[in-house]
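Contents: one structure, followed by commentary.
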Number of protein chains: 2
Amino acid sequence: MLPSSTVENYLKALYQAESSRTGKTLVPMGQLATAVGVAPGTATTMVKALAESGLVDYEPYVGVRLSSAGAKLAALVLRRHRLVEQFLVEVMGMSWAEVHEDAEQLEHVVSDRLVERMDAMLGHPSVDPHGDPIPTADGTIVAPDYGSLLTCPLTVTVTVTRVTDQDASFLRFLEKQDLKPGHALEVEARDSAADSVQLRTASGRQITIGTQAASKVLVQESS
Amino acid sequence: MLPSSTVENYLKALYQAESSRTGKTLVPMGQLATAVGVAPGTATTMVKALAESGLVDYEPYVGVRLSSAGAKLAALVLRRHRLVEQFLVEVMGMSWAEVHEDAEQLEHVVSDRLVERMDAMLGHPSVDPHGDPIPTADGTIVAPDYGSLLTCPLTVTVTVTRVTDQDASFLRFLEKQDLKPGHALEVEARDSAADSVQLRTASGRQITIGTQAASKVLVQESS
DNA sequence: CTTTATATTTTGAGTTGTCAAAACGAAACT
DNA sequence: AGTTTCGTTTTGACAACTCAAAATATAAAG
């Protein structure tokens with residue numbers, strides 16, 4: 001039984017919800033429902049079915065967690081999604097800001113043959129255009145945990161490695177400000193009262209962004 | 001209301017059934033059901049819904065026909081399918097024999113943006129790898145009616161223009177025998193008793209194939 | 001410790017697409 | 001015409017997925 005698109009979406013959402021979660025706490029129903037975009041009751045029903053199939057562990061009134069089988073399946077969905085994104089940008093010349101929606105559809109239908117073909121054409125990339133790691137064909141993910149513009153050291157040159165938000169206008173903004181993955185910059189100051197972070201790009205331009213935005217831009221100290 | 005994959009499949013099947021039909025006769029239910037791969041009753045139900053939406057004209061106990069709206073929609077599905085096939089062959093280097101299944105899935109999810117991008121990358125091709133005409137974005141199809149190896153003149157050099165069968169093993173056979181679209185050959189003889197057609201390729205090799213197969217290879221007299 | 005607020009689960013119902021098998025219509029063959 | 005045959009339609013049922021709203025559990029607050 002190969003999983004339906006719906007099942008794939010639940011697993012993927014669960015995977016991402018688990019990743020952005022401290023410790024091994026279960027993902028609450030409400031959050032999963034919101035992530036998938038369905039009513040709470042719908043999520044409950046679906047999760048019970050997934051638990052039945054052994055794809056998740058479910059504790060009523062507490063939350064859900066992927067089983068190892070579920071996690072592997074989720075990783076493969078993510079692999080397809082991210083390879084498609086990388087392909088759309090690198091081969092088809094689309095903007096990194098607009099590939100998410102297309103990948104969202106394509107991830108459910110691209111065959112293994114096609115996925116591996118894309119992977120080969122792209123030279124087996126390890127990350128997609130947003131810096132998100134691409135799982136291997138066996139479902140393994142290597143995800144270094146980078147700091148964000150909110151947590152990295154000040155006045156040190158860092159390189160953007162990943163952006164954890166797919167909103168098109170946000171991505172366009174980052175692009176315009178030279179904050180795409182690969183670009184260098186340094187954090188000059190943080191002002192918690194003003195809820196802002198002040199940056200200086202490699203070209204010397206100064207930018208101030210909010211902390212919400214800053215937390216979505218992950219960086220690595222430049223070597 | 002954008003049509004579901006199911007609706008698209010019915011319309012596409014209907015379009016193709018109508019094309020391979022002499023005169024303006026309606027397509028009988030049974031044939032449509034077989035083409036779509038569902039039970040007869042299912043087709044009846046679906047066709048009534050399609051008629052309700054104005055996509056087909058339906059005469060109970062007689063058959064179905066696409067309305068102009070339905071025909072346009074079908075053409076757009078075919079456009080997506082064929083551009084995807086051309087893309088998979090030309091850009092991704094896949095074999096013409098194996099792209100059909102992938103295109104069958106992708107045709108329902110590729111966005112307009114993506115379709116037009118592919119179209120541009122391919123230089124606005126007029127036919128796909130099998131020689132099937134690619135409808136334009138406004139739903140127009142220019143389909144020259146070629147003769148087949150069964151109807152073309154004998155001992156005259158002709159060029160393969162189109163193959164009206166997607167069976168992978170048949171396509172691989174044609175490829176091996178240099179009978180892909182673009183290749184020249186001539187029909188040396190036909191033997192209706194033996195149900196066969198005798199060909200000679202440009203390289204001088206002689207091949208004998210059955211009339212069923214021959215009727216699926218369309219040709220044009222070489223200029 | 002009881003009340004209130006919040007999250008979760010249940011229930012009842014609807015949509016889309018499907019099938020098997022019974023009923024039916026049209027046509028073909030004595 | 002009468003009857004068999006064949007294709008088509010109807011019927012009843014089911015699977016997957018969804019929602020709104022009622023019921024319930026848990027947690028928080030007084």
Side-chain angles (χ1 to χ4, degrees), chain A residues 1-14 17-18 20-21 23 25-66 70 73-74 77 104-105 107-109, chain B residues 1-14 17-18 20-21 23 25-66 70 73-74 77 104-105 107-109:
Chain A
M1 287 297 153
L2 67 168
S4 67
S5 294
T6 307
V7 167
E8 290 188 344
N9 281 333
Y10 276 89
L11 296 179
K12 186 182 56 163
L14 208 37
E18 282 182 16
S20 63
R21 178 159 280 272
T25 55
L26 303 192
V27 176
M29 270 307 159
Q31 188 183 328
L32 177 60
T34 306
V36 177
V38 297
T42 306
T44 300
T45 308
M46 189 65 207
V47 160
K48 286 206 286 191
L50 293 176
E52 203 63 31
S53 317
L55 294 172
V56 303
D57 297 327
Y58 169 48
E59 276 196 53
Y61 292 102
V62 181
V64 218
R65 171 182 25 222
L66 289 169
L73 234 46
V77 176
E104 205 67 17
Q105 295 300 122
E107 67 186 7
H108 304 297
V109 300
Chain B
M1 285 298 154
L2 68 167
S4 66
S5 295
T6 307
V7 167
E8 291 188 344
N9 282 332
Y10 275 90
L11 296 178
K12 187 183 54 163
L14 209 38
E18 282 181 19
S20 62
R21 178 157 281 271
T25 53
L26 303 193
V27 176
M29 269 307 158
Q31 188 183 328
L32 177 60
T34 306
V36 177
V38 298
T42 306
T44 301
T45 309
M46 189 67 207
V47 161
K48 286 205 289 191
L50 292 176
E52 203 61 31
S53 316
L55 294 171
V56 303
D57 296 328
Y58 169 48
E59 277 196 52
Y61 291 102
V62 182
V64 218
R65 169 178 32 220
L66 288 170
L73 234 46
V77 176
E104 205 66 16
Q105 295 300 123
E107 67 186 6
H108 304 297
V109 301

- Message: Tell me the closest heavy-atom pair linking A:Y58 and A:A51, and the distance in Å.
- Response: CB-CB, 4.0 Å

- Message: Testing the basics here: between B:L73 and B:P3, what is the closest heavy-atom pair and its distance to 0.1 Å?
- Response: CD2-CG, 3.9 Å

Grab the [atom1]-[atom2] distance between [X] and [N] for me, whole Å please.
X     : N      : atom1 : atom2 : result
A:L50 : D:dA16 : CG    : P     : 12 Å
A:E59 : C:dT9  : CD    : C1'   : 15 Å
A:L32 : C:dT8  : CG    : P     : 10 Å
A:K48 : C:dT11 : NZ    : P     : 8 Å
A:Y58 : C:dT9  : OH    : P     : 3 Å
A:M46 : D:dA15 : CE    : C1'   : 12 Å

Between [options], spot the one nearest the side chain of [X], thanks.
X     : options               : value
A:P40 : C:dT9, C:dT18, C:dT10 : C:dT9
B:V38 : D:dC17, C:dC19, C:dT8 : C:dC19
B:P60 : D:dT9, D:dT18, C:dT9  : D:dT9
A:M29 : C:dT18, C:dT9, D:dT8  : C:dT9
B:Y61 : D:dC17, C:dT9, C:dC24 : C:dC24

Just N and O in the side chain of [X]: are any of them under 4.0 Å from OP1 or OP2 of [N]?
X     : N      : value
A:T6  : D:dC17 : yes
A:T44 : C:dT9  : yes
B:T45 : C:dG17 : no

- Task: Using the closest heavy atom to pick a nucleotide of DNA chain D for each, name whichever of A:G41 or A:S5 lands nearer the 5' end.
- Result: A:S5

- Base, sugar-phosphate, or nothing for A:G30, non-hydrogen atoms under 4.0 angstrom? sugar-phosphate

Using a 4.5 Å cut-off on heavy atoms from C-beta on, say whether the side chain of [Y] contacts that of [X].
X     : Y     : value
B:L11 : B:V77 : no
B:L66 : B:V56 : yes
A:E8  : A:L2  : no

